[in-house]
Amino acid sequence: MKMSNLYAPTSKEAPSDAVLASHALLIRGGFIAQVASGLYNLLPLGKMVLNNIETIIKEELGHIGAQEVELSFVTPAELWGESGRIEKFGKELLRFKDRKDNLFVLGPTHEEMMVNLIRNKVTSYKQLPLHLYQIKTKFRDEARPRFGLMRGREFVMQDGYSFHQSYEDLDHEFDAVEASYKKILDRLELSYRVVEADSGAIGGSGSKELMVLADSGEDTLVVCSSCEYGANIEAATRAKSSIDKSQSSIKLQKVHTPNIKTIDELSTYFKTTPGRIVKTVAKKIIFDDNEEIVLFFLRGDDTLQESKALNAVGGLDIVDVDEDELKAKELSVGFMGPMGELKIRMIVDNDLMSETDMICGANEVDYHYKGMDMSIFKTDVYADIIEVKEGDKCPKCGGVLGYKKGIEVGHIFKLGTTYSKALKAEFLNSNGQSEFFIMGTYGMGVSRLIAAIIEQHHDEKGMIWTKQSAPFVVNIMVSNIKNQEQLNFAEQLYKFCQKNGINVLLDDTKERFGYKMKNAELIGFPYTVIIGKELQNGCVQLLRRESLQKTDIKKEEIFDYLLKEI
RNA sequence: CGGGGUGUAGCUCAGUAUGGUUAGAGUACCUGGUUUGGGACCAGGGGGCCGAAGGUUCGAGUCCUUUCACCCCGACCA
């Protein structure tokens with residue numbers, strides 16, 4: 001490819017609405033162009049990078065026996081009715097009707113379609129396991145698309161679905177996909193972490209996310225500094241805290257605490273640590289057909305993790321409660337607690353189990369109890385509902401936990417029979433009995449990976465592509481194309497690269513040296529061979545994008561040098 | 001869906017508080033010339049329904065009403 005033919009409109013200035021480096025650089029480098037909110041056109045350079053990533057994914061998934069298919073982007077709404085997700089997905093599903101007035105949905109993910117593809121066709125355990133995947137445009141009408149390719153409404157995803165006759169077999173495939181996904185990220189030279197994820201309302205027996213580490217990431221991860229443990233903050237756990245519990249014989253006692261409401265005020269007043277105070281958090285939980293106020297109890301120095309809280313009660317949504325609603329339940333802010341005849345559902349954090357000598361609200365203005373014993377609760381109200389803090393102890397090794405930010409580029413999920421049941425997809429086992437398929441689902445955000453790579457590989461001058469993702473690995477730059485000697489040598493090297501399978505671009509534009517250099521740095525070719533004034537001394541220069549170091553190389557040696565280096 | 005912000009040349013933005021020549025700059029683009037190792041210089045040139053609709057006024061980019069789009073924070077996100 002010659003630069004003079006390449007459609008890559010670059011610009012010096014960043015678009016005013018780009019916040020993330022990846023977003024700004026992709027636009028400045030002429031990789032993408034925005035169409036509307038969350039919709040982007042991929043230009044030649046962007047498409048090349050996407051192709052490169054897809055090639056790696058296909059190679060790696062091929063190694064574990066997954067087969068590529070391509071399902072229709074337009075999907076019949078009936079299927080979404082069968083699984084019940086037409087309601088659950090809500091407005092995120094883009095619906096429309098065809099000329100015959102049939103309702104359709106643009107596919108946001110393809111569980112239903114994939115189950116439909118194999119049901120009544122895969123009918124025997126002898127045909128299992130089966131892993132089918134596709135790399136395909138998805139559409140989700142997100143409430144708030146943002147950050148360029150990071151969170152678009154239309155995006156490219158690799159989505160795989162596996163079918164099994166046993167959970168052991170699913171576990172096997174799950175591990176194989178994890179290994180395969182890690183290989184893909186390794187080849188893209190990304191630094192990442194595999195973390196435990198919230199399985200959410202769908203349930204299932206396990207779910208992991210692959211997180212590319214970047215400060216700009218939208219997810220908060222809890223990671224251990226001394227072992228491999230990592231989890232999304234929505235799913236992270238910790239070792240039980242070791243609060244000193246020396247005294248246990250103190251009797252329950254009501255204490256006048258005039259206008260003392262906050263955990264800080266209470267710990268000062270009682271001369272104790274926040275960890276010995278029971279914090280009461282009231283939330284409204286939305287269910288399918290009703291809503292309910294629930295009290296959550298946790299240590300004063302902990303905070304409620306809303307996803308965990310929601311999972312603990314099995315609701316759809318968790319929202320704040322206003323003071324009037326609390327008063328209607330005879331609760332008052334600052335003095336709420338578990339004591340008394342409250343007809344309210346209560347959930348207690350695991351960490352409080354079997355504690356004694358705690359302080360809690362008395363459900364009476366200006367009063368608290370001390371000497372409270374947690375044994376008043378039955379064990380079935382306990383759940384893990386706290387948000388792990390930095391500095392907490394690792395549940396695996398006891399090491400120190402800290403936060404990191406991550407970009408979710410992959411999610412693997414043991415689905416079980418959720419969809420096969422809903423869509424009545426069965427096979428006959430070796431005893432001739434009918435069983436639902438046990439499924440796994442695996443997704444990787446291909447277009448998001450473009451952004452993720454840049455978030456991890458860029459500097460103030462531009463993008464820094466890795467060899468496997470770069471649109472072109474070598475850029476041959478002719479300093480002055482009016483110089484016939486330079487041009488001739490460049491053409492010679494260009495042809496040599498092409499013949500030897502090196503992905504090469506020849507910058508034969510009429511621009512001046514400075515312009516070409518800035519452009520090469522912006523686009524981020526891993527290597528640029530500068531053919532310029534040093535040629536008269538028999539030398540060319542090799543610029544490495546990552547270090548920005550220029551090395552003089554004898555012109556007759558550059559050929560072998562490139563072959564060796566790339 | 002709540003809160004905030006912005007729409008003027010391809011791009012980045014002035015101009016709008018206080019209405020008044022033909023709406024500006026930088027950059028990009030075209031032509032000619034000079035330059036040629038870090039986004040060059042000189043001269044000339046093209047490019048605007050001032051987001052859209054309605055209104056007030058002798059007169060609207062500027063004031064009023066409605067509306068649309070885009071961005072940010074939050075909620076949401078298999």
Side-chain angles (χ1 to χ4, degrees), chain A residues 9-20 23-24 27-28 30 33-39 80 83-85 88-93 107-114 138-148 150-153 155 157 159-161 197-204 207 209 218-219 232 234 286 306-307 310 316-320 408 410-413 415 418-419 439-445 448 461-462 477-483 486 509-522 528 530-536 539-541 543 548 550 552:
Chain A
T10 57
S11 76
K12 212 189 310 192
E13 265 165 316
S16 54
D17 51 11
V19 205
L20 287 197
H23 186 191
I27 290 176
R28 281 191 55 208
Q34 184 171 22
V35 177
S37 181
L39 305 180
W80 296 89
S83 69
R85 285 211 286 187
K88 205 168 167 196
F89 251 109
K91 285 187 178 171
E92 241 178 275
L93 284 184
T109 172
H110 276 187
E111 279 81 8
E112 286 84 351
M113 286 286 281
M114 203 62 87
K138 298 283 181 289
F139 192 93
R140 293 180 196 171
D141 201 357
E142 295 257 8
R144 190 149 101 80
R146 56 189 131 167
F147 304 145
M150 201 67 91
R151 179 173 296 282
R153 290 143 92 200
F155 56 97
M157 181 165 100
D159 49 322
Y161 309 84
D198 174 30
S199 298
I202 295 181
S207 152
E209 290 165 334
E218 295 183 83
D219 290 281
N232 194 306
E234 293 176 356
I286 316 290
E306 296 200 353
S307 299
L310 199 54
L316 294 177
D317 198 6
I318 180 165
V319 294
D320 288 342
E408 182 191 343
H411 197 162
I412 56 179
F413 210 109
L415 262 186
T418 316
Y419 290 91
M439 292 178 61
T441 176
Y442 320 98
M444 196 162 237
R448 179 180 282 181
K461 288 172 183 285
M477 195 191 99
V478 186
S479 175
N480 180 1
I481 64 153
K482 284 185 185 163
N483 181 318
Q486 290 180 14
T509 57
K510 291 176 187 150
E511 302 294 343
R512 296 159 61 89
F513 180 81
Y515 180 92
K516 291 188 182 194
M517 285 295 287
K518 291 278 192 232
N519 231 300
E521 284 157 354
L522 171 63
T528 293
I530 303 165
I531 296 170
K533 64 179 185 185
E534 291 300 320
L535 195 64
Q536 56 198 15
C539 279
V540 298
Q541 283 169 309
L543 171 77
L548 287 173
K550 288 180 201 163
D552 284 352

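To find a chain, count down the sequence lines: A is the first, B the second, and so on, and within it residues start at 1.
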Does A:Ser11 make a side-chain N or O approach to OP1 or OP2 of B:U12 shorter than 4.0 Å? no
Would you mind classifying the nucleic acid contact of A:Ala18 as base, sugar-phosphate or nothing, using non-hydrogen atoms under 4.0 angstrom? nothing
With sugar-phosphate meaning primed atoms plus P, OP1 and OP2, does A:Asn483 contact a base, only sugar-phosphate, or nothing at under 4.0 Å between heavy atoms? nothing
Could you give the distance separating B:U21 and B:U62 at their P atoms, to the nearest angstrom? 14 Å
Reckon A:Ser479 touches a base, only the sugar-phosphate, or nothing at all at heavy-atom distances under 4.0 Å? base
Any side-chain heavy atom of A:Asn232 within less than 4.5 Å of one from A:Asp219? yes
Return whichever of A:Gly514 or A:Ala36 has its heavy-atom-nearest nucleotide of RNA chain B closer to the 5' end. A:Gly514
Select base, sugar-phosphate, or nothing to describe what A:Arg28 touches, counting heavy atoms under 4.0 Å on all strands. base
Please tell me which of the listed nucleotides, B:U12, B:U36, B:C1, lies nearest to the side chain of A:Asn480? B:U36
Using whole Å, report how far CD of A:Glu511 lies from P of B:A28. 9 Å
For B:G54, which nucleotide in any strand shown is its Watson-Crick or wobble partner with both distances under 3.5 Å? B:C64
I need the minimum non-hydrogen distance between A:His411 and A:Glu408, along with the two atoms involved. ND1-OE2, 3.3 Å
When you check the phosphate oxygens OP1 and OP2 of B:A40, does a side-chain N or O of A:Arg512 lie under 4.0 Å from one of them? yes
Rounding to an integer number of angstrom, what distance separates B:A53 and B:C49 when you compare their P atoms? 12 Å
Is it the case that the side chains of A:Ser207 and A:Glu209 hold a donor-acceptor pair, with the cut-off being a distance below 3.5 Å and no angle test? no
When the P atoms of B:C76 and B:A40 are compared, how many Å lie between them, rounded to an integer? 49 Å
For A:Trp80 and A:Thr109 the tightest heavy-atom approach is CH2-O, 3.4 Å
What contact category does A:Pro9 fall into here, base, sugar-phosphate, or nothing, at under 4.0 angstrom with non-hydrogen atoms? nothing
A:Leu548 versus A:Glu521: any side-chain heavy-atom pair under 4.5 Å? yes
Distance check needed: B:C76 C1' versus A:Leu310 CG, whole Å only. 13 Å
Less than 4.0 angstrom from a charged side-chain N to a carboxylate O is my criterion; do A:Arg28 and A:Glu13 meet it? no
Grab the CZ-P distance between A:Phe147 and B:C70 for me, whole Å please. 16 Å
If we take the P atom in both B:A28 and B:G2, what is their distance in whole Å? 43 Å
Report the nucleotide, chosen from B:G37, B:C77, B:U12, that has the shortest atom-to-atom distance to any side-chain atom of A:Ser16. B:U12
Partner lookup for B:C13, please. Criteria are Watson-Crick or G-U wobble with both distances under 3.5 angstrom; report none if nothing qualifies. B:G24
Could you tell me which nucleotide pairs with B:A75 by Watson-Crick or G-U wobble geometry, both distances under 3.5 Å, or answer none if nothing does? none
Looking across every strand, which nucleic acid part, if any, lies under 4.0 Å from A:Lys550 by heavy atom: base, sugar-phosphate, or nothing? base
Rounding to an integer number of angstrom, what distance separates B:G33 and B:A14 when you compare their C1' atoms? 32 Å
Do A:Glu13 side-chain and B:G10 base share a donor-acceptor contact under 3.5 Å? no
With sugar-phosphate meaning primed atoms plus P, OP1 and OP2, does A:Met477 contact a base, only sugar-phosphate, or nothing at under 4.0 Å between heavy atoms? nothing
Expressed as a whole number of Å, how far does the P atom of B:G51 sit from that of B:C11? 13 Å
The side chain of A:Gln34 is closest to which nucleotide in this list: B:C70, B:C73, B:G37? B:C70
side-chain N/O A:Arg151 vs B:C77 OP1/OP2, d < 4.0 Å: no
How would you label the contact of A:Val319 with the nucleic acid (heavy atoms, under 4.0 Å): base, sugar-phosphate, or nothing? nothing
Which way is the base of B:A40 turned, syn or anti, if we draw the line at 90° from 0? anti
Between A:Gln486 and B:U36, is there a contact of a side-chain N or O with OP1 or OP2 at under 4.0 Å? no
Do you know the tightest heavy-atom contact between A:Lys516 and A:Val478? NZ-O, 2.6 Å
From CG of A:Asp219 across to P of B:C76 the rounded distance in Å is 13 Å
Rounded to whole Å, please give me the gap between CZ in A:Phe413 and C1' in B:C77. 14 Å
Between A:Ile531 and A:Glu111, which residue's closest nucleotide on RNA chain B lies nearer the 5′ terminus? A:Ile531
Could you tell me how far apart A:Lys91 (NZ) and B:C77 (C1') are, to the nearest whole angstrom? 15 Å
Heavy atoms from C-beta onward define the side chain here; which of B:C71, B:G74, B:U36 lies closest to that of A:Asp17? B:C71
Side-chain donor/acceptor of A:Lys12 to base of B:U12, under 3.5 Å: no
Answer with yes or no whether the side chains of A:Ser479 and A:Gln486 bring together a donor and an acceptor at under 3.5 Å. no
Roughly, in whole Å, what's the span from CZ in A:Arg146 to P in B:G74? 7 Å
Give me the distance, rounded to whole Å, that separates B:U65 from B:C29 when you measure between the C1' atoms they each carry. 40 Å
Distance, P atom - from B:C63 to B:U16, rounded to whole angstrom: 10 Å
Mind checking whether A:Arg448 and A:Met150 have side chains closer than 4.5 Å, heavy atoms only? yes
Remember a base hit wins even if backbone is also touched, and classify A:Glu234 as base, sugar-phosphate or nothing at under 4.0 Å, heavy atoms. nothing
Checking all strands, does A:Glu209 fall into the base, sugar-phosphate, or nothing category for heavy-atom contacts under 4.0 angstrom? nothing
Any strand counts, and the cut-off is 3.5 Å on both contacts for Watson-Crick or G-U wobble. Which nucleotide pairs with B:C70? B:G5
Any strand counts, and the cut-off is 3.5 Å on both contacts for Watson-Crick or G-U wobble. Which nucleotide pairs with B:U31? B:A43
Using whole Å, report how far CD of A:Glu218 lies from P of B:C73. 9 Å
